[in-house]
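Since the structure comes first, as structure tokens, the remarks are kept for the end.
Just so it is clear, the values below take in all heavy atoms, side chains as well, and ignore hydrogens, waters and symmetry mates.
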Amino acid sequence: MALNPHDQALVEWLLAQGGRFWTGDLHLVSHLLNAPDGINLLSNASMVVLGVILAPVTFTLGAPVSFAIAVAGNLAATGIAWYLLLSRTLRLHRAAAATGAAFCAYAPGMVSQANAHLHITAQWLVPAVVWCVVRLARTPGDLPRLRWMRRVAGTGALLGAIVCVQLFLGEEVLFLTAATLALFCLVYALITPKRAGRAFRPLASGLAVGATLAVLVLAYPLSVQFSGPQHVPNGPFSPDFFSADLRGFWSFSPLSWFGIPAAARLVSGPAEYNTFFGVPLLLVIVGAVGWLWRRPVVLASAVTGLIMAALALGPRIVVNGTRTGQSGPYRLLHGLPVIDGALPTRFALVLIPVFAIVLAMMIDRALRDDRRDLRLLVPAIAALALLPLVPKPLPTIERAPAPRFFTEGQWRECVRPGGVLVPAPLPNPGNPDKMRWATAANAAFAIPEGFFIGPYAAGGRASIGIYSRPTSQLLNAVERTGMVPEITAADQDRAREDIAYWGASCLVLADRDQVNGVQLRQTLEALFGPGRQAADVTVWRFNGA
């Protein structure tokens with residue numbers, strides 16, 4: 001079963017690749033995909049931490065099982081982490097904290113991102129980052145000097161360590177978290193300058209400690225990401241295409257209880273229902289801010305959320321599918337380094353914890369009130385606003401199992417570990433399914449081409465995938481049309497050149513489960529001669545393998 005077959009093929013491969021950490025493969029540029037060039041893992045949302053954590057599952061039960069665990073586990077762990085922050089750090093009523101935490105974990109944006117975007121849903125360290133910032137800001141100025149220094153240095157070091165881990169868990173989430181906290185602190189300082197003044201010294205000192213640690217640890221990985229082999233100088237996706245539709249904010253997600261499939265036209269894909277909060281919740285949030293506006297946290301959260309919502313609209317505002325001539329605030333950021341890689345619509349994900357905090361503080365305020373009617377009315381209103389957002393099960397589709405040749409380890413008969421095996425046809429951005437063959441072998445061998453972000457557009461700019469070699473183009477045409485071309489001596493020469501370029505030990509065709517498998521087999525026999533049957537595939541060996 002698959003949620004989002006294209007992205008899931010890459011994510012499962014990355015989980016298998018991440019598990020190789022335990023075998024001593026610590027490289028940030030992997031040659032195991034897009035052989036012989038390889039890919040820059042940090043440019044491809046590599047989720048190294050998830051791969052490392054789930055390696056025992058991947059090695060024993062397979063990457064698809066690890067993927068399923070991560071889909072559910074990321075949401076649950078995020079909810080638990082936010083509950084601890086809201087109940088223990090902000091000291092909110094347990095029911096209020098549970099409501100806010102559940103929204104953080106299962107809001108429409110999080111549920112839609114669970115469609116294979118594990119680097120986005122892995123937000124369980126975000127509350128820990130917030131906790132560190134709050135702890136630093138709350139450090140009393142009258143503590144003995146040595147104790148004050150220990151608390152600030154210890155918390156700052158912990159913050160730096162969490163940042164380092166989050167970078168390898170989900171870099172985009174780290175960016176959004178840092179940007180949101182910086183904006184929140186600025187707004188909070190403008191609202192309550194005296195409190196901000198008292199918090200400035202310990203917060204600045206702790207952040208300096210954390211930043212120093214993070215720079216020391218991450219200097220090399222970031223240099224690889226931004227200037228190393230296979231790095232990309234820009235984001236591969238158009239911010240105009242991945243912008244939020246204004247109407248989406250008051251619509252219901254198709255993945256929510258009250259949602260309808262027609263709302264899907266407002267977004268770029270089923271993983272980007274980031275703004276679908278619905279009218280009832282928006283009204284409740286506005287009412288809560290109006291009720292609690294004297295609380296600096298609530299007011300600063302509201303202003304931060306408004307700014308992030310505006311940025312989510314992208315360079316040019318879209319309303320109900322129509323691109324208007326009105327520029328959005330994101331245009332001020334468009335083209336800036338690093339920010340260029342962030343999709344505008346994902347700025348709306350910040351509204352999930354912002355709304356959760358406001359909701360939780362509203363419910364907490366009501367539950368601690370002496371008036372019984374208020375204690376009943378406010379939670380009931382919150383429940384009614386959240387009820388339409390209850391998620392539906394994520395839709396799945398069937399997919400063919402990987403050939404036994406790979407799942408049972410018979411691939412070792414034609415390629416050594418670390419060598420190159422060519423799937424036929426080769427995986428590409430339009431059909432990356434053959435990447436699952438390498439995933440089934442825990443990424444033990446390399447494959448050419450594939451679905452990834454690389455520097456193959458004009459001028460070395462970011463592209464999705466690589467240009468196909470002549471043999472790959474030929475096989476793609478046969479798969480698409482079912483027509484066997486007349487193979488010439490020139491075709492055979494180019495095929496041998498491609499095999500040599502890839503450094504391939506063998507080529508494998510699963511003809512019985514492959515669309516137009518008979519025609520592909522005939523084409524390959526015309527290129528390379530008869531193949532050998534092995535388990536449920538046909539194998540052509542090269543280089544004496």
Donor-acceptor pair, side chain of R20 and main chain of A443, under 3.5 angstrom:
yes
Taking the side chain from H6 and the backbone from G430, do they hold a donor-acceptor pair closer than 3.5 Å?
yes
Any heavy-atom pair between the side chains of N115 and D7 that's under 4.5 Å?
no
V224 backbone acceptor or donor facing N40 side chain under 3.5 Å:
yes
Please list, chain by chain and in numerical order, all residues satisfying side chain to side chain donor-acceptor pair (under 3.5 Å) with T192, sequence neighbours excluded.
none
Flag the pair V130 / L85 as yes when at least one side-chain heavy-atom distance between them is below 4.5 Å, and no otherwise.
yes
Among T275, N274, D245, exactly one meets side chain to side chain donor-acceptor pair (under 3.5 Å) together with T345. Which residue is that?
N274
Please report the shortest heavy-atom distance between R316 and R331, naming the atom on each side.
NH2-NH2, 3.1 Å
Please say whether the positively charged group of R88, taken as NZ for Lys or CZ for Arg, lies over the ring of W131, i.e. under 6.0 angstrom from the six-membered ring centre and within 45 degrees of the axis.
no
Do L359 and L281 come close enough that some side-chain heavy atom pair is under 4.5 Å?
yes
What do you reckon, is CZ of R150 surrounded by more than 12 foreign heavy atoms closer than 6.0 Å?
no
Any side-chain heavy atom of N320 sitting closer than 4.5 Å to one from R265?
yes
Nearest heavy atoms of P254 and I260, plus distance in Å
CG-O, 3.5 Å
Step by step, would you call R94 with S87 a side-chain hydrogen bond (donor to acceptor under 3.5 Å, both in side chains)?
CA-CA 6 Å; R94 290 184 179 181; S87 62; over 6 Å; no
Assess whether side-chain hydrogen bond (donor to acceptor under 3.5 Å, both in side chains) is satisfied between N34 and Y456, documenting all intermediate values.
CA-CA 12 Å; N34 187 36; Y456 296 105; 2.9 Å; yes
Could you tell me which residues satisfy side chain to side chain contact (heavy atoms under 4.5 Å, CB included) with P427, sequence neighbours excluded, listed by chain and number?
P423, K434, M435, I447
For S112 and G109, indicate whether the former's side chain and the latter's backbone hold a donor-acceptor pair under 3.5 Å.
yes
Checking C104 now: which residues fulfil side chain to side chain contact (heavy atoms under 4.5 Å, CB included) with it, not counting sequence neighbours?
W82, P353, A356
With a 6.0 Å cut-off on the ring centroids, do F252 and F276 count as close?
no
Does any donor atom in the side chain of Q166 or E171 lie under 3.5 Å from an acceptor atom in the other side chain?
no
Could you tell me if the side chain of L167 sits less than 4.5 Å from the side chain of L222, heavy atoms only?
yes
Side-chain donor-acceptor distances from residues 173-181 under 3.5 Å, at least two apart:
residue	atom	partner	partner atom	Å
T177	OG1	V173	O	2.7
T180	OG1	L176	O	2.6

Do S256 side-chain atoms and F258 backbone N/O form a donor-acceptor pair below 3.5 Å?
no
If only atom types and distance count, is the side chain of T78 paired as donor or acceptor with the main-chain N or O of A105 below 3.5 Å?
no
What residues form a side chain to side chain contact (heavy atoms under 4.5 Å, CB included) with L387, not counting sequence neighbours?
W257, V390
Heavy-atom closest pair (S43 atom, I453 atom, distance to 0.1 Å) is O-CD1, 3.5 Å
For A457, the side chain to side chain contact (heavy atoms under 4.5 Å, CB included) test, sequence neighbours excluded, returns R461, S463
With the side chain counted from C-beta on, respond yes when L255 and L394 share a heavy-atom pair under 4.5 Å apart, and no when they do not.
yes
On a heavy-atom basis, which atom in A128 and which in I162 lie closest, and how many Å separate them?
CB-CD1, 3.7 Å
Side chain to side chain contact (heavy atoms under 4.5 Å, CB included) between L282 and V286: does it pass, once the steps are laid out?
CA-CA 6 Å; L282 294 180; V286 171; 5.5 Å; no
Heavy-atom closest pair, residues S205 and V152:
CB-CG1, 3.7 Å
Are L42 and F168 packed together at the side-chain level, in the sense that at least one heavy-atom pair is separated by less than 4.5 angstrom?
yes
Would you indicate whether the side-chain heavy atoms of H117 and R346 approach each other to under 4.5 Å?
yes
Taking atom types as modelled, is there a side-chain donor on Y220 or Q225 under 3.5 Å from an acceptor on the other?
no
Within 6.0 Å of CZ in R147, more than 12 heavy atoms from elsewhere
no
